[in-house]
Protein chains: 2
Amino acid sequence: MARDRSELARDLLRGARLRCTSQRVQVLACLSGMTGHFGAEEALAAVNMLPRPPVSRATLYRLLNDLEQQGILRRVLLSENCSRYEFVGPQDRHCHLVCASCGRVEEVRSTVLDQELRHLGEKYGFSPDRASLEVTVASCNECERQRARELTNGD
Amino acid sequence: MARDRSELARDLLRGARLRCTSQRVQVLACLSGMTGHFGAEEALAAVNMLPRPPVSRATLYRLLNDLEQQGILRRVLLSENCSRYEFVGPQDRHCHLVCASCGRVEEVRSTVLDQELRHLGEKYGFSPDRASLEVTVASCNECERQRARELTNGD
DNA sequence: ATATGTGCAAATGGTTTGCATCCTC
DNA sequence: GAGGATGCAAACCATTTGCACATAT
């Protein structure tokens with residue numbers, strides 16, 4: 001299994017014309033096993049949890065950028081103070097509902113959204129085929145209630 | 001006109017239970033006249049272009065946060081290194097198509113998207129009514145072409 | 001009168017970068 | 001062997017914060 005992921009990592013790197021260094025294989029193998037989105041620090045922690053020589057912060061950041069540019073990772077704009085990423089799998093088109101107040105994130109699959117975005121992409125000159133994702137920022141009901149409560153108390 | 005916007009600013013502040021200081025009125029009046037989205041530095045520059053005692057960076061940042069929490073401004077996650085905002089008008093539901101490579105942003109209005117997001121919001125416990133927005137990150141055609149060109153050259 | 005807002009300058013924190021060294025191709 | 005990759009520590013830069021002073025209600 002770890003074997004498989006290392007192989008996958010090597011394939012991905014070669015496909016992206018990136019040199020297969022031990023650090024890159026190690027990071028990519030680890031990330032390909034992560035579910036959902038993650039930040040740079042989480043990734044670093046996960047990678048260096050393994051009994052291997054640790055990967056430095058600088059290398060990790062550089063690699064995250066490279067992988068995103070190659071379409072292997074997708075950068076998700078979920079919060080404004082730290083970048084989050086997703087491993088790009090074959091068919092995992094989904095969008096995120098994000099609460100603007102508490103940061104809660106819900107992953108959602110919707111063919112309606114996908115189709116419409118495809119339309120809009122064509123119309124405005126975008127290719128949502130690669131690294132496409134959709135983020136919706138709103139308030140979750142819990143935070144809305146809280147907000148309503150505060151407003152009421154203020155009276 | 002500037003008069004009108006100052007009045008609007010005062011109304012908004014009072015409605016949000018925020019004290020009407022000269023700085024706040026000045027900032028909000030200025031922002032309410034801006035079209036499209038803007039970053040903190042742009043806002044600061046615009047505000048302090050007026051022949052008035054300048055508003056400090058700290059105050060501006062504090063105010064942007066307050067205004068967003070009150071739903072007067074909307075924070076738009078268009079790039080990961082700096083926050084951007086929009087003045088929230090009455091009926092301006094729109095989404096943004098963002099190119100992951102060059103940062104190009106296209107504002108798009110789509111009732112299909114709005115309806116679907118309303119559905120999804122209900123289903124997953126979000127209120128897209130307040131401060132809702134949608135962001136789609138993709139690659140614009142120009143950047144796709146460039147990418148294809150680079151890959152070809154690499155061979 | 002009192003709670004709040006403002007400005008300054010220093011602190012923060014995620015991310016990037018310069019440079020000497022190491023490793024892949 | 002040569003050009004790209006790594007690690008360290010310092011640099012960056014948008015944003016936040018502590019504190020003394022000013023202001024709105």
Side-chain angles (χ1 to χ4, degrees), chain A residues 6 9-28 30 37-45 47-48 52-70 72-73 75-85 103 150 153-155, chain B residues 6 9-28 30 37-45 47-48 52-70 72-73 75-85 103 150 153-155:
Chain A
S6 293
R10 267 178 247 273
D11 288 347
L12 286 170
L13 288 170
R14 275 188 284 262
R17 304 198 198 327
L18 293 170
R19 291 190 175 182
C20 290
T21 65
S22 67
Q23 290 90 338
R24 285 177 176 176
V25 173
Q26 193 174 334
V27 170
L28 197 40
C30 179
H37 36 85
F38 50 84
E41 286 316 302
E42 287 167 70
L44 191 66
V47 168
N48 289 338
R52 295 265 197 143
V55 173
S56 78
R57 201 167 253 95
T59 298
L60 195 263
Y61 274 99
R62 278 187 278 237
L63 184 51
L64 288 176
N65 281 333
D66 294 346
L67 293 175
E68 192 219 347
Q69 268 201 316
Q70 298 304 324
I72 295 172
L73 287 184
R75 189 182 295 236
V76 197
L77 300 170
L78 296 181
S79 72
E80 59 292 329
N81 50 334
C82 101
S83 289
R84 297 192 71 76
Y85 299 86
E150 283 169 13
N153 290 345
D155 282 343
Chain B
S6 293
R10 268 180 247 273
D11 287 349
L12 287 170
L13 288 170
R14 275 190 284 261
R17 304 197 201 321
L18 292 171
R19 289 189 176 183
C20 290
T21 66
S22 66
Q23 291 90 334
R24 286 177 175 177
V25 173
Q26 193 174 335
V27 170
L28 197 40
C30 180
H37 36 86
F38 50 85
E41 284 318 298
E42 288 168 69
L44 192 65
V47 168
N48 289 338
R52 296 266 198 141
V55 173
S56 79
R57 201 166 255 95
T59 298
L60 196 264
Y61 275 99
R62 278 188 277 237
L63 185 51
L64 288 176
N65 281 332
D66 294 345
L67 292 176
E68 192 219 347
Q69 268 201 316
Q70 298 304 322
I72 295 172
L73 287 184
R75 189 181 296 235
V76 196
L77 300 170
L78 296 181
S79 72
E80 58 291 332
N81 50 334
C82 98
S83 288
R84 299 191 70 77
Y85 299 86
E150 285 169 10
N153 289 346
D155 280 343

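Note on naming: letters A, B, ... go to the chains in the order of the sequence lines (proteins, then strands), and numbering restarts at 1 for each one.
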Partners passing side-chain contact (heavy atoms from CB on, under 4.5 Å) against [X] (at least two apart in sequence or in another chain):
X: A:D11; answer: A:R14
X: A:N81; answer: A:S79
X: B:A16; answer: B:L18, B:Q70, B:I72

Could you work out, with salt bridge (charged side-chain N to carboxylate O under 4.0 Å, His left out) as the rule, every residue matching B:R19, not counting sequence neighbours?
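Per chain and number, B:R19 pairs via salt bridge (charged side-chain N to carboxylate O under 4.0 Å, His left out) with no residue.
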Only counting residues at least two apart or in another chain, list the ones meeting salt bridge (charged side-chain N to carboxylate O under 4.0 Å, His left out) with B:R62.
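Counting only residues at least two positions away or on another chain, B:R62 forms no salt bridge (charged side-chain N to carboxylate O under 4.0 Å, His left out).
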Through what angle, rounded to 10 degrees, does the axis of the helix from C:dA1-D:dT25 to C:dC25-D:dG1 turn between its ends, using five pairs per end?
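Comparing the first five pairs with the last five, the axes sit 40° apart.
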Residues in side chain to side chain donor-acceptor pair (under 3.5 Å) contact with [X], at least two apart in sequence or another chain:
X: B:S22; answer: none
X: A:R57; answer: A:E41
X: A:R84; answer: A:H37, A:E42
X: A:T21; answer: none

Whichever of B:S83 and A:D66 has its nearest DNA chain D nucleotide further upstream toward 5':
A:D66
Heavy-atom nearest nucleotide on DNA chain D taken for A:Q23 and for B:A40; more 5' hit belongs to A:Q23
Which distance, rounded to the nearest 0.5 Å, do you find between the CG of A:D66 and the CG of A:L28?
11.5 Å
Write down the distance between [atom1] ([X]) and [atom2] ([N]), rounded to a whole number of angstrom.
X: B:L28; N: C:dT6; atom1: CG; atom2: P; result: 12 Å
X: B:R24; N: C:dG7; atom1: CZ; atom2: P; result: 11 Å
X: A:L44; N: C:dT15; atom1: CG; atom2: P; result: 11 Å

Pick base, sugar-phosphate or nothing for B:P54, based on heavy-atom distances below 4.0 Å to the nucleic acid.
sugar-phosphate
Please tabulate the protein-to-nucleotide N/O contacts below 3.5 Å involving nucleotides 16-23 of chain C, giving atom names and distances.
residue: C:dT16; atom: OP2; partner: A:N65; partner atom: ND2; Å: 3.2

For B:C20 and B:L13, the nearest pair of non-hydrogen atoms, with its separation, is SG-CB, 3.9 Å
Could you tell me the boundaries of the chain B footprint on DNA chain D, defined by atoms under 4.0 Å from its heavy atoms?
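Terminal contacting nucleotides, 5' to 3': D:dA14 to D:dT25.
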